Amino acid sequence: MRLKSLKYFSTLLVLAVALAAGWWLWNFYMQAPWTRDGKVRAEQVSITPQVSGSITELNIKDNQLVKAGDILFRIDDTPYKIAVLNAQAQLARAQTDLSKANNEANRRRHLSKNYISAEDLDTANINVKAMQASVNAAEAALQQAQWQLSQTQVKAPVDGWITNLSTRTGNYATAGQPLFALIDSHSFY
């Protein structure tokens, strides 16, 4: 009887150890898995200037954490300020030409039919439309110049870490050519 009890006890003991080992293995592999072969990935944003020019100010270092909207670097804005001034001058000239064309067209409209031909009146009206088109083109050129000037300050598009930074103050930045990367801190997976 004692031998049967001992076999029964040893069987229960082996069963209990097997259950405990199974439970421990389940927790180890399923509840807290680990591996040496795991990979962490994140989205990388290429920092690419929209305009070309010499870098006059570099506000970052490699592996630095930056926030979205932080100014990363500045490009020499002198040629872009000059372009804005030229576009403003062209707009002023086009507006003056439009004003003259409007005055001339109004003067011709108020002349009697005996003093002006219908062709001259049409020419004056066409001239007004042409001058209005010149004003519109000058306004578009001014907006383009202002946009280019604003792009001389390159800002971080997302929160993240600067990586692969080999750019230095004085380097020439070419529009459309990536200078370094920014690892998006909200994109790890």
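Heads up: numbering here begins at 1 and tracks the sequence. Just so we're clear, the structure is a prediction, and the values are computed from it rather than from any experiment.
A donor atom on one side chain and an acceptor atom on the other are not found under 3.5 Å apart for Asn86 and Gln90.
Inter-residue side-chain proximity for Gln88 and Leu142 is flagged as met; some heavy-atom pair is nearer than 4.5 Å. Asn136 places a side-chain heavy atom less than 4.5 Å from the side chain of Glu139. Under the 4.5 Å side-chain criterion, counting only non-hydrogen atoms from C-beta, His186 is in contact with Asp159. Counting heavy atoms from C-beta outward, Leu182 and Thr163 have side chains that stay 4.5 Å or more apart. Under the 4.5 Å side-chain criterion, counting only non-hydrogen atoms from C-beta, Asn63 is not in contact with Ile162. Between Asp97 and Arg93 there is a side-chain heavy-atom pair separated by less than 4.5 Å. At least one side-chain heavy atom of Leu72 sits under 4.5 Å from a side-chain heavy atom of Phe180.
The two residues Ile71 and Gln153 come nearest to each other via the heavy atoms CD1-OE1, 3.4 Å. Counting all heavy atoms, side chain and backbone alike, Ala145 lies closest to Ala87 at CB-CB, 4.3 Å. Scanning both residues, Ile75 and Ala173, for their nearest heavy atoms gives CD1-CB, 4.1 Å. Residues Ser52 and Tyr80 approach most closely at O-OH, 2.5 Å, considering heavy atoms. The nearest pair of heavy atoms linking Ile47 to Pro157 is CD1-CD, 3.8 Å. The two atoms that bring Thr169 and Thr56 nearest to each other are CG2-O, 3.6 Å, heavy atoms only.
Proximity of a side-chain donor or acceptor of Ser99 to a complementary backbone N or O of Thr96 within less than 3.5 Å is not detected. At least one donor-acceptor pair closer than 3.5 Å links the side chain of Asp70 to the backbone N or O of Lys67. Ser46 contributes no side-chain N or O that, together with a main-chain N or O of Pro178, makes up a donor-acceptor pair within less than 3.5 Å. Without hydrogens or angle criteria, Gln64 side chain to Lys61 main chain gives a donor-acceptor distance under 3.5 Å. Using a distance-only test at 3.5 Å, with no hydrogens or angles considered, a donor-acceptor pair links the side chain of Thr123 to the main chain of Glu119. Although no hydrogens or angles enter the test, the distance criterion places no donor-acceptor pair under 3.5 Å between the side chain of Asp184 and the main chain of Glu43. Checked by atom type and distance alone, the side chain of Thr152 never pairs as donor or acceptor with a backbone atom of Asp77 at under 3.5 Å.
Arg168 contributes atom CZ, which lies 8.0 Å from atom CG of Asn171 (distance to the nearest 0.5 angstrom). Separating the CD atom in Gln50 from the CD atom in Gln151 is a distance of 5.5 Å, to the nearest 0.5 Å. Note: Leu65 CG to Ile60 CD1 = 12.0 Å, rounded to the nearest 0.5 Å. With rounding to the nearest 0.5 angstrom, the CG atom of Asn102 is 8.0 Å from the CD atom of Gln132.
Ion pairing between Arg108 and Glu104 holds under the 4.0 Å rule for side-chain N and carboxylate O.
Partner of Phe73 under the side-chain contact (heavy atoms from CB on, under 4.5 Å) criterion, out of Asn59, Leu179, Thr167: Leu179 alone.
Under a hydrophobic clustering in which Ile, Leu, Val, Met, Phe, Trp and Tyr are joined whenever their side-chain heavy atoms come within less than 4.5 Å, directly or via other members, Trp161 and Leu58 fall into different clusters. Cluster annotation: Val45 is not connected to Ile183 through the hydrophobic network of ILVMFWY side chains, with a link wherever side-chain heavy atoms come within less than 4.5 Å.
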Q | Criterion side-chain contact (heavy atoms from CB on, under 4.5 Å) on Lys81 and Leu149, from CA distance to verdict | A | CA-CA 6 Å; Lys81 286 180 178 177; Leu149 178 61; 3.7 Å; yes
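Within a 6.0 Å sphere centred on CZ of Arg109, heavy atoms belonging to other residues, nucleotides or ligands number more than 12.
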